[in-house]
Peer 1: 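The following block contains the structure, expressed as structure tokens.
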Amino acid sequence: MTRELTDRAGHSTDADVGRTLVIDVVRVHRFMAIVTGLLAVGAAAALVIQYPLGFGGGTAGAAARRLFGLNGERGFWAAASFLFLFVTAVTVHLGTWADNVNPSVATHSRRWRLLALAMVFVAFDEAFRVHEWINGFLQTRLGLTGFLHFAWVIPYGAAAAVIAGLMVRPLSELPRRTAALMVAGGFCYVLGAAGAELLDGQLKTINAPRSVRETQIVIEEALEWAGVWMFFAGVMTLLSKATLSVAVNRDAAGPG
């Protein structure tokens, strides 16, 4: 995941040892591509086992749904979504402390850190389904149906709009390609997470066939995954020439 971790003679003293962490963009993207490919193959195999082969109700079908189901809570897709979102958030946060970083990140560091914090929340929401608890809470009080059947999109959509508004200026000061990747990634993710959920609410209300809802779930997850990919690619482009310096104090470490 990293290209080098080397001594920095210009930043070290008798008590401190300087280290520089440099991100290797190619290796990161290659790793994500391999993981995505394996997950896609697993998800396709799970669908084949459940439908064309007709093993959906058996042990093989249950295991396939649990491990590779796109809408599962404890499967590989959920774990990978959590991991990539969390890593992206940590990378954004560390980028605000990096050397040679784009001026926009340094100038608007608080907004970038707020974005990173929001992504950490989304990552944990992917893993623990916080939005489902919020949806149940709102449904008992509002009783919405149709496109707003999954009522969690209301507070989440409002929060996304606020964060998007705060990020307009920082993003406008980035190189065009980097900003385009990050904006497209964010839009794609929100479209998949909230937009597709609006459609699913309507499909559930009209009792649409299961095959239609399964197709909707595939589209939803594909949009979310593409969003994470593009946003992370933008982050990697933004930080490709930045370095993170870490000073280790030998005196503070004590004897030995």
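Keep in mind that this is a model prediction, so the values were computed, not measured.
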Peer 1: Measuring from atom CG of Leu181 to atom CH2 of Trp229, what distance do you get when rounded to the nearest 0.5 angstrom?
Peer 2: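 Atom-to-atom, Leu181:CG and Trp229:CH2 are 12.0 Å apart.
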Peer 1: Can you give me every donor-acceptor pair (side chain of residues 118-125, partner residue at least two apart or in another chain, under 3.5 Å) with its distance?
Peer 2:
{"from": "Asp125", "atom 1": "OD1", "to": "His131", "atom 2": "ND1", "distance (Å)": "2.6"}
{"from": "Asp125", "atom 1": "OD2", "to": "Val130", "atom 2": "N", "distance (Å)": "3.3"}
{"from": "Asp125", "atom 1": "OD2", "to": "His131", "atom 2": "N", "distance (Å)": "2.8"}
{"from": "Asp125", "atom 1": "OD2", "to": "Tyr156", "atom 2": "OH", "distance (Å)": "2.8"}

Peer 1: Rounded to the nearest 0.5 Å, what separation is found between the CD atom of Glu197 and the CZ atom of Phe147?
Peer 2: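 Separation between the atoms: 13.0 Å.
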Peer 1: Is there a donor-acceptor contact under 3.5 Å from the side chain of Ser109 to the main chain of Val105?
Peer 2: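 No, the answer is negative, given that no donor and acceptor are paired below the 3.5 Å cut-off.
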Peer 1: Could you check Thr96 against Val101 for side chain to side chain contact (heavy atoms under 4.5 Å, CB included), going step by step and ending with a plain yes or no?
Peer 2: CA-CA 8 Å; Thr96 63; Val101 73; over 6 Å; no
Peer 1: Please enumerate all residues that pass side-chain contact (heavy atoms from CB on, under 4.5 Å) together with Ala196, with sequence neighbours excluded.
Peer 2: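 Counting only residues at least two positions away or on another chain, Ala196 forms a side-chain contact (heavy atoms from CB on, under 4.5 Å) with Gln216, Glu220.
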Peer 1: With clusters built from Ile, Leu, Val, Met, Phe, Trp and Tyr whose side-chain heavy atoms come within less than 4.5 Å, directly or transitively, what are the remaining members of the cluster of Val190, listed by chain and number?
Peer 2: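 Direct or chained contacts put Val190 with none.
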Peer 1: Measure the CZ-CG distance between Phe150 and Asp200 for me, rounded to the nearest 0.5 Å.
Peer 2: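 If we round to the nearest 0.5 Å, Phe150:CZ and Asp200:CG are 4.5 Å apart.
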Peer 1: Hey, does the side chain of Arg111 reach the backbone of Met167 with a donor-acceptor pair shorter than 3.5 angstrom?
Peer 2: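 Judged by distance alone, no pair lies under 3.5 Å.
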Peer 1: Could you check whether atom CZ of Phe82 has more than 12 heavy atoms from other residues, nucleotides or ligands sitting under 6.0 Å from it?
Peer 2: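 Atom CZ in Phe82 is packed in, count exceeds 12.
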Peer 1: How about Tyr189 and Leu223: do any of their side-chain heavy atoms sit closer than 4.5 Å?
Peer 2: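 No, side chains not in contact.
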Peer 1: Show me the donor-acceptor pairs within less than 3.5 Å that the side chains of residues 134-141 make with the rest of the protein, sequence neighbours left out.
Peer 2:
{"from": "Asn135", "atom 1": "OD1", "to": "Ala151", "atom 2": "N", "distance (Å)": "2.5"}
{"from": "Asn135", "atom 1": "OD1", "to": "Trp152", "atom 2": "N", "distance (Å)": "3.4"}
{"from": "Gln139", "atom 1": "OE1", "to": "Leu144", "atom 2": "N", "distance (Å)": "3.3"}
{"from": "Gln139", "atom 1": "NE2", "to": "Leu144", "atom 2": "O", "distance (Å)": "3.1"}
{"from": "Gln139", "atom 1": "NE2", "to": "His149", "atom 2": "O", "distance (Å)": "2.1"}
{"from": "Thr140", "atom 1": "OG1", "to": "Gly136", "atom 2": "O", "distance (Å)": "3.4"}
{"from": "Thr140", "atom 1": "OG1", "to": "Phe137", "atom 2": "O", "distance (Å)": "2.7"}
{"from": "Arg141", "atom 1": "NH1", "to": "Phe137", "atom 2": "O", "distance (Å)": "3.2"}

Peer 1: Group every Ile, Leu, Val, Met, Phe, Trp and Tyr by side-chain heavy-atom contacts under 4.5 Å, then state whether Leu115 and Val162 land in the same group.
Peer 2: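 Different clusters: Leu115 never reaches Val162 through Ile, Leu, Val, Met, Phe, Trp or Tyr contacts under 4.5 Å.
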Peer 1: With sequence neighbours excluded, what pairs up with Arg169 under the salt bridge (Lys or Arg N to Asp or Glu O under 4.0 Å) test?
Peer 2: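 Counting only residues at least two positions away or on another chain, Arg169 forms a salt bridge (Lys or Arg N to Asp or Glu O under 4.0 Å) with Glu173.
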Peer 1: What closest approach, in Å, do Asn102 and Pro175 show between heavy atoms, and which atom pair accounts for it?
Peer 2: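 Closest pair (atom of Asn102, atom of Pro175, distance): ND2-CD, 3.5 Å.
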Peer 1: In the structure I gave you, are the side-chain heavy atoms of Phe84 and Trp225 within less than 4.5 Å of one another anywhere?
Peer 2: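 Touching, per the 4.5 Å side-chain cut-off.
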Peer 1: Partners of Val90 by side-chain contact (heavy atoms from CB on, under 4.5 Å), sequence neighbours excluded?
Peer 2: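 Expected list: Phe86, Leu94.
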Peer 1: What I'd like to find out is whether the side chain of Leu198 reaches to under 4.5 Å of the side chain of Leu148, using heavy atoms alone.
Peer 2: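 Contact flag for Leu198/Leu148 side chains = yes.
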Peer 1: Which value, rounded to the nearest 0.5 Å, describes the distance between Glu126 atom CD and Leu83 atom CG?
Peer 2: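 CG of Leu83 is found 12.0 Å from CD of Glu126.
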Peer 1: For residues Trp112 and Met182, report the shortest heavy-atom separation together with the two atoms involved.
Peer 2: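 Scanning both residues, the minimum pair turns out to be CZ3-CE, 3.3 Å.
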